[in-house]
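In the text below, chain A, chain B and the rest are named by the order of the sequence lines, each starting its count at 1. Side-chain atoms are counted along with the backbone in the values below, which use heavy atoms only and exclude waters and symmetry mates.
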Amino acid sequence: MAAVGRKGPWTEEEDARLVFSVRLFGERRWDNVAKVSGLNRSGKSCRLRWVNYLHPGLKHGRLTPHEQHLVVQLHAKWGNRWSKIARCLPGRTDNEIKNYWRTHTRKKAEELRMSSPSSSNSEVVGLVVDGDGYSMDQIWDEISASENSDEKCSESVLWE
DNA sequence: AAGACGGTCAACCGCGTTTTT
DNA sequence: AAAAAACGCGGTTGACCGTCT
């Protein structure tokens with residue numbers, strides 16, 4: 001039944017309606033939120049918009065060098081577990097991180113492959129952060145330093 | 001000056017997992 | 001306990017915008 005409805009970019013009015021409805025009903029039952037809000041959107045679409053854009057406390061704009069560094073580090077550890085990585089970066093979403101990683105590292109991966117065709121290792125792990133970031137050495141230092149603090153970043157202090 | 005190109009980001013899709021009925 | 005509904009994740013696409021030729 002779910003009349004799929006509108007797709008594509010959200011208008012300000014849609015955002016406002018969505019925020020209003022989420023305040024009313026909470027961040028769950030998205031199909032219901034979608035219906036009640038009068039938005040001609042799927043619940044799924046509403047959830048995505050909320051989580052990635054409207055959610056209070058979200059940071060917008062480019063990742064800081066510190067965040068970039070963290071992403072590299074965590075990706076080396078966990079691979080493409082974007083949501084997991086995102087949980088270590090308050091105010092950032094999995095989508096943002098995924099986008100960042102793709103645009104900044106796929107390129108690097110290709111360059112690396114070109115420059116060292118001998119790289120037998122099929123898996124490219126930690127890559128250099130663009131320009132203003134950290135050197136490879138620093139990154140690897142920190143990765144190995146944090147090796148024992150493994151899975152946890154949940155409570156605390158990767159952050160100031 | 002304008003078209004081509006590349007980077008960025010928001011949003012969609014498919015599918016596996018979790019929650020609800 | 002099982003079926004249905006909702007959620008969440010990761011991959012992918014496409015529009016937009018700035019830069020280069």
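- Of the side-chain N and O atoms in Trp82(A), none sit less than 4.0 angstrom from OP1 or OP2 of dG8(C).
- Residue-to-nucleotide contacts include a donor-acceptor pair under 3.5 Å from the side chain of Asn99(A) to the base of dA10(B).
- Within the 4.5 Å cutoff, the side chain of Gln68(A) has no heavy atoms near those of the Thr64(A) side chain.
- Taking atom CG of residue Leu54(A) and atom C1' of nucleotide dA10(B), one finds them 13 Å apart after rounding to whole Å.
- OP1 or OP2 of dG11(C) has at least one side-chain nitrogen or oxygen of Asn80(A) nearer than 4.0 Å.
- Using a 4.0 Å cut-off between charged side-chain N and carboxylate O, Glu14(A) and Arg49(A) make no salt bridge.
- Using a 4.0 Å heavy-atom criterion, one finds that Arg47(A) contacts the bases of the nucleic acid, with or without backbone contacts as well.
- Atom pair Trp10(A):CH2 and dA15(C):C1' shows a separation of 18 Å (rounding to whole Å applied).
- Here Asn52(A) lies out of heavy-atom contact (under 4.0 Å) with every strand.
- Interface remark: the Asp31(A) side chain does not form any donor-acceptor pair with the dA5(C) base, using a distance-only criterion of under 3.5 Å.
- Note: CG (Leu48(A)) to P (dC9(B)) measures 16 Å, nearest angstrom.
- Nearest nucleotide to the Lys98(A) side chain, out of dG10(C), dG8(C), dA10(B): dG10(C).
- Ranking dA11(B), dC7(C), dT8(B) by closeness to the Pro9(A) side chain, first place goes to dA11(B).
- The CH2 atom of Trp30(A) sits 11 Å away from the C1' atom of dC7(C) (whole-angstrom rounding).
- OP1 and OP2 of dC9(B) both lie 4.0 Å or more from every side-chain N or O belonging to Thr103(A).
- Atom CH2 of Trp50(A) is separated from atom C1' of dA11(B) by 18 Å (rounded to the nearest Å).
- Phosphate proximity of dG7(B) to His104(A): absent, as no side-chain N or O sits under 4.0 Å from OP1 or OP2.
- Rounded to an integer number of Å, the gap from Arg87(A) CZ to dG8(C) P is 10 Å.
- Note: CZ (Arg92(A)) to C1' (dA10(B)) measures 15 Å, nearest angstrom.
- OP1 or OP2 of dG8(C) has not a single side-chain nitrogen or oxygen of Arg28(A) nearer than 4.0 Å.
- Side-chain N/O atoms of Ser45(A) include none lying less than 4.0 angstrom from OP1 or OP2 on dA11(B).
- Geometrically, Arg17(A) does not engage Phe20(A) in a cation-pi contact, judged by NZ or CZ lying under 6.0 Å from the ring centre and within 45° of the ring axis.
- Toward the 5′ end of DNA chain C lies the nearest nucleotide of Glu27(A), the other residue of the pair Glu27(A) and Arg81(A) mapping further downstream.
- With contacts defined as side-chain heavy-atom distances shorter than 4.5 Å, the pair Tyr100(A)/Arg92(A) does not qualify.
- Both Arg29(A) and Arg62(A) sit near DNA chain B, but only Arg62(A) has its closest nucleotide nearer the 5' end.
- Base pairing of dC16(C): its partner is dG7(B), meeting the Watson-Crick or G-U wobble criterion (both donor-acceptor distances under 3.5 Å).
- A salt bridge links Lys59(A) to Glu67(A): one of the charged nitrogens lies within less than 4.0 Å of a carboxylate oxygen.
- Among the heavy atoms of the strands lying under 4.0 Å from Gly8(A) are primed sugar atoms or P, OP1, OP2 only; no base atom is included.
- For the pair His55(A) NE2 and dG8(C) P, the computed distance is 12 Å after rounding to whole Å.
- Between dC12(B) and Arg41(A), a contact under 4.0 Å exists linking OP1 or OP2 to a side-chain N or O.
- Interface remark: the Lys7(A) side chain does not form any donor-acceptor pair with the dG14(C) base, using a distance-only criterion of under 3.5 Å.
- Relative ring orientation between Trp50(A) and His55(A) is described as perpendicular, the plane-to-plane angle rising above 60° on a 0-90° scale split at 30° and 60°.
- Checking dC7(C), dG14(B), dA10(B) against the side-chain heavy atoms of Tyr53(A) singles out dA10(B) as nearest.
- The side chain of Ser83(A) places no N or O atom within less than 4.0 Å of a non-bridging phosphate oxygen (OP1 or OP2) of dG8(C).
- Listed nucleotides: dG8(C), dT8(B), dT12(C). Nearest to the side chain of Arg102(A): dT12(C).
- Under a cutoff of 6.0 Å and an axis angle of 45°, Arg41(A) and Trp10(A) form a cation-pi pair.
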